[in-house]
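In what follows, chains carry the letters A, B, and so on, assigned in the order in which the sequence lines appear, proteins first and then strands, with residues in each chain numbered from 1.
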Amino acid sequence: MAAEMEPPPLGDAGQTDFREIEDGEGFFVSTVTTLESPEPSSPDPPSMPAEGISTNGPKQEDISLDDDPEDLFAEATEEVSLDSPEREPILSDGPSPAITPVTPTAMLTPRMGLGTAEMFERSLDEIEEDDSGDTFDMHIAVSDPEKVGTFNTVLMYSYIKTSMTIFSKNETTVRRRFSDFLGLHSKLASRYLHIGYIVPPAPEKSIVGMTKVKVGKEDLSSAEFVEKRRSALERYLMRTVKHPILLKDPDVMMFLESSELPRAVSTQALSGAGILRMVNKAADAVNKMTIKMNESDAWFEEKHQQFENLDLQLRKLHASVECLVCHRKELSVNTASFAKSAAMLGNSEDHTALSRALSQLAEVEEKIDQLHQDQAYADFYLFSELLGDYVRLITAVKGVFDHRMKTWSKWQDTQLLLQKKREAESKLQFANKPDKLQQAQDEIKELEGKVQQGEKDFELISKTIRKEVSRFEKERVKDFKVVIIKYLESLVQTQQQLIKYWEAFLPEAKAIA
Amino acid sequence: QAKLGSPRAVNVDLQTDATLQVDISDALSERDKVKFTVHTKSTLPNFKQNEFSVVRQHEEFIWLHDSFVENEEYAGYIIPPAPPRPDFDASREKLQKLGEGEGSMTKEEFTKMKQELEAEYLAIFKKTVAMHEVFLCRVAAHPVLRKDLNFHVFLEYNQDLSVRGKNKREKMEDFFKNVVKSADGVLVAGVKDVDDFFEHEKTFLLEYHNRVKDASAKSDRMIRSHKSKSPLSHNLHVLGKLFAIYMDLNQFFLKVSELFEKTRKIEARVAADEDLKLADLLKYYLRESQAAKDLLYRRGRALVDYENANKALDRARAKNKDVLQAETSQQVCCQKFEKISESAKQELIDFKTRRVAAFRKNLVELAELELKHAKGNLQLLQSCLGVLKGDT
């Protein structure tokens, strides 16, 4: 696994990074900047407010380096086990919702620094059952992707700033690979989905995109890909930590704070575990079709339908925004082409004033082209990605509904089995087989317990889902409003620029004599 | 079918005077042809009445144009370029497809699409009327061409001119004529002109014409992609309805979708204005610069003929054979050449004046319209933002 590197000399505040970068400089070289308060409105569309970081104290070590030669498909060679842990729904030994926060480094006194109110932070005034009373106050930035190692693995930096007491420090910086995020999600999904918690889905894998980056292709599309992924990972983390239950999960804490993570090996798309997941999904789909649930609760019926409709409509919207982005890019290309042509025309025009005006026109069109590009960028990052996230989130929501169905089904099956056993037992009463009778009665007792548990599980998951859905809906409302307002603001800026350009041009046109 | 009632925009700057005013007062689009009502007002004695109208079709315009081109007397003038053939095929096809797909969409969608396509059809219709009108106005404004007999017949004769379109053989002849002409054109253009003015014009026009062609094509493409076809506002609207559980979010989405609907309409108007002020301007000057090139070609041809006639005369004098014949021939060539040269110079100067004026007018109007629409858009966006932010 990772080779041992010497920790940086202590007390060296400015240089805690110890990277090995092949192929010259990495994609975006991380600059250690001092902490600054964020600006109220950031002009650049894609970045969530990128915070300055300052690395704290001696505990902070920034050296999660992978030195082993990176085989693209190394992770595919691990063994496939049918009992792979993520397959087993952990029924009773998973952490129950009301866990007390576990801090990995309990020795350090919690800092009670003041959390800065940021544009993207919404303080959730929710108080869960056993909450320590911490209001949500946390900011995460994922940035500075960097290529490391011979095969250009991209590592992302995750910067966290928080005043919450459950964290050991106010600020943490860790480096993570994409598979780390996937691993985290995988663990959370296996732990919480089946009991009704809506676990935010992780960004999608893209073999093509990632391969391009890994082989060092430095073109525009691979840069876009990295940026797209960076932004998606940031949103993913934020959603995960906003969930009060998930935030306290020890794996989440470990992900956010510890400098080294065990490699998540079962997340490769082409791995044995990956294939197993696909098989399971297919099996689930079949099962879903055969479960006929008697829905006694109208709320669930209604919500289920609503989510189906929402899913459909979000997908359509997503498609039309992508269409819009495409068109804008096309417009940009054609505008640039016209600008060049107009410049040429201006050159050949022999009337001086007209010639100048035509050159000015060409310049205006060139600037407008740049505007189109910037706008397309905004369309994409603000709108399209958000919609994509929500389409995936709704899939998770539907998954949770399905789990409830499965829980119900399991409970019903256990009940049926109990009934059968009771019938068998009553028959045995008249046969003279005391030990068999005893066995049957034992089984019945066990099954009765299981039936009770099944009912409890069903009620619990129903209750959890109701809560989760209500939380999800609130979040969704906020998310969309914020993003749409940002998007409209970007449109306003575009128009203002357009006005500037044409106002500058008009006197030139009038000056033609 | 579409009918036109009101006057339209003329995109070239022309002097009109009271002695002869021509316009297209009406037009009717039938299945495969367009009928233009050509309206004339004149104080000239040549006409029977002071004001009259006739109905003409596109082929008759072409006949008139060709008669100018073939007339040797007009060799020294820039013949106003013929209007392009009315082309509603694409638009018609779209309307037809819409009709076929009527069952598969909601009534709302259908009506909206129908309105858009009809607006497109109307825009094309208006343009073709404008092109035909500009041609007639140019002729009417030209001091010599306005007196042409064919032109008067065109304006006044209220029966069908029975101008049939060219048959296959005539089209073939035209094709070969063009081939010969271009080859000849290259030859003639290669001859250096003694006169600086014409030499400069030759070089200038050649390059200018090519650049205008390129700019015209690129502007068309740019304007086409301006018409975004994303059904964004529609989908936002439906999504808004889905969010009905949260009354405030529903309102939010509805307002946003209304906004997008309005800005989309403005964008469409921007594209239409750019089309009119920029693309049409370039297209027109593409055709006019070609007409100017043709004039230079004719002059060049006359020059070559003149020089050849001179050489023939010298040879005849040297041999003392057919001298009179050669002299007459040389004189004819000389006169022809000088006549063309004289009017050509003025024509080219006028061309430049017209061109500069037209570009000025259109560029100013383009900028003003762009500003108007951008400000309109801005106002819509800002007011909507104000409302939305106030709500949250």
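Taking CZ of Phe505(A) as the start and CG of Leu366(B) as the end, the distance is 7.0 Å to the nearest 0.5 Å. Atom CD1 in Ile485(A) sits 4.5 Å away from atom CZ in Phe252(B) (nearest 0.5 Å). Atom-to-atom distance recorded for Ser490(A):OG and Leu381(B):CG is 9.0 Å, nearest 0.5 angstrom. Put simply, CZ on Arg224(B) and CD on Glu330(A) are 9.0 Å apart, with the number rounded to the nearest 0.5 Å. Rounded to the nearest 0.5 Å, atoms NE2 (His372(A)) and CE (Met222(B)) are 8.0 Å apart. Distance check: Ile484(A) CD1 to Leu388(B) CG gives 8.5 Å after rounding to the nearest 0.5 Å.
The contact between Lys375(B) and chain A is made by backbone and side chain atoms together, counting heavy-atom distances below 4.5 Å. With a threshold of 4.5 angstrom between heavy atoms, Ile223(B) does not approach chain A through any atom at all. For Leu380(B), no part lies under 4.5 angstrom from a heavy atom of chain A. Contacts of Tyr208(B) with chain A are made by both backbone and side-chain atoms, with heavy-atom separations under 4.5 Å.
No more than 12 heavy atoms of other residues, nucleotides or ligands lie within 6.0 Å of NZ in Lys372(B), so this atom counts as exposed by the packing criterion. Atom CD of Glu301(A) has 12 or fewer neighbouring heavy atoms from other residues, nucleotides or ligands inside a 6.0 Å radius.
Most heavy-atom pairs under 4.5 Å with chain B, from the set Ala509(A), Ser341(A), Ala353(A): that is Ser341(A). Looking only at heavy-atom pairs under 4.5 Å with chain B, the residue among Val333(A), Leu354(A), Ile499(A) that has the most is Ile499(A). Your options are Asp220(B), Asp214(B), Leu259(B), Leu385(B), and the one with the most heavy-atom pairs under 4.5 Å with chain A is Leu385(B). Residue with the most contacts toward chain A among Leu282(B), Val364(B), Val212(B): Val364(B) (heavy-atom pairs, distance under 4.5 Å). The most heavy-atom pairs under 4.5 Å with chain A, out of His200(B), Glu370(B), Glu368(B), come from Glu370(B). Here Thr335(A) is the residue among Thr335(A), Leu358(A), Leu498(A) with the most heavy-atom pairs under 4.5 Å with chain B. Counting heavy-atom pairs closer than 4.5 Å to chain A, the top-ranked of the candidates His373(B), Glu207(B), Lys352(B) is Lys352(B).
In summary, Glu349(A) and Arg211(B) do not engage in a salt bridge, as defined by a charged side-chain N under 4.0 Å from a carboxylate O.
The two atoms that bring Gln495(A) and Asn377(B) nearest to each other are OE1-CB, 3.4 Å, heavy atoms only. Contact between Gln382(B) and Gln496(A) at its shortest, heavy atoms only, is NE2-NE2, 3.6 Å. Closest approach of Ser219(B) and Phe338(A) over heavy atoms only: CB-CE1, 3.4 Å.
Between Leu491(A) and Thr263(B), every side-chain heavy-atom pair lies at or beyond the 4.5 Å cut-off. Between Leu369(B) and Trp502(A) there is no side-chain heavy-atom pair separated by less than 4.5 Å.
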(Q) Evaluate Asp350(A) against Arg355(B) for salt bridge (Lys or Arg N to Asp or Glu O under 4.0 Å), listing each step before the verdict. (A) CA-CA 11 Å; Asp350(A) 66 349; Arg355(B) 182 174 81 242; 3.3 Å; yes

